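We're numbering straight along the sequence, starting at 1. Keep in mind that this is a model prediction, so the values were computed, not measured. Both counts, for ligands and for their atoms, begin at 1 and track the order of listing.
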Amino acid sequence: MKILGIEHIGIAVKDLDTSSPFWSHILNLQHKGKETVQDQGVLTDIYDTTQGKVELLQSLGEDTPIGKFLLKKGPGVHHVCFEVDDINKAIKELKELNIQVLSDTPTVGAEGYKVIFIHPKSSGGVLVELAEKP
Ligand code: CO
């Protein structure tokens, strides 16, 4: 697989209204947009450094991946996302290498990217997302 760069860092927040001003007004990052990703039970709010983005993640309920993460660990870094040239090729290679991926096929994430997640057990404790640009 070919990694093209860090696409974004995913950060779990309790409340976008209180968390987003740091990224928008203190770091002055360009706002890309807010989007609900029903599949993952999350409201995303994305900021762009032009060399990798920050993806704020507010859960849509306690029984969602971000809701559970917040209950267990509280707000903070949730995952790191790398852009890949070919997501299906990446999944195939990872499976051949016995790396645990959370789904067999990509799902559509924020901004229309095709995404998969690698289990933290396979990566030394970091939830890794791979994404292919739409
Ligand atoms: Co992400």
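Backbone or side-chain N, O or S atoms of E129 reach the Co ion (ligand 1) at under 2.8 Å. Residue contact annotation: C81 places no N/O/S atom under 2.8 Å from the Co ion (ligand 1). Within the 2.8 Å limit, H79 places at least one N, O or S atom next to the Co ion (ligand 1).
Atom CG of residue N98 and atom OG of residue S122 lie 8.5 Å apart, to the nearest 0.5 angstrom. To the nearest 0.5 Å, atom CD1 of residue I118 and atom CD of residue E129 are 10.0 Å apart.
Ring geometry for F117 against H79 counts as perpendicular: the plane angle is over 60°, on a 0 to 90° scale with 30° as the lower cut.
Taking the salt bridge (Lys or Arg N to Asp or Glu O under 4.0 Å) definition, one finds that K133 meets it with nothing, sequence neighbours left out.
The minimum distance between the Co ion (ligand 1) and any N, O or S atom of E55 involves atom OE1.
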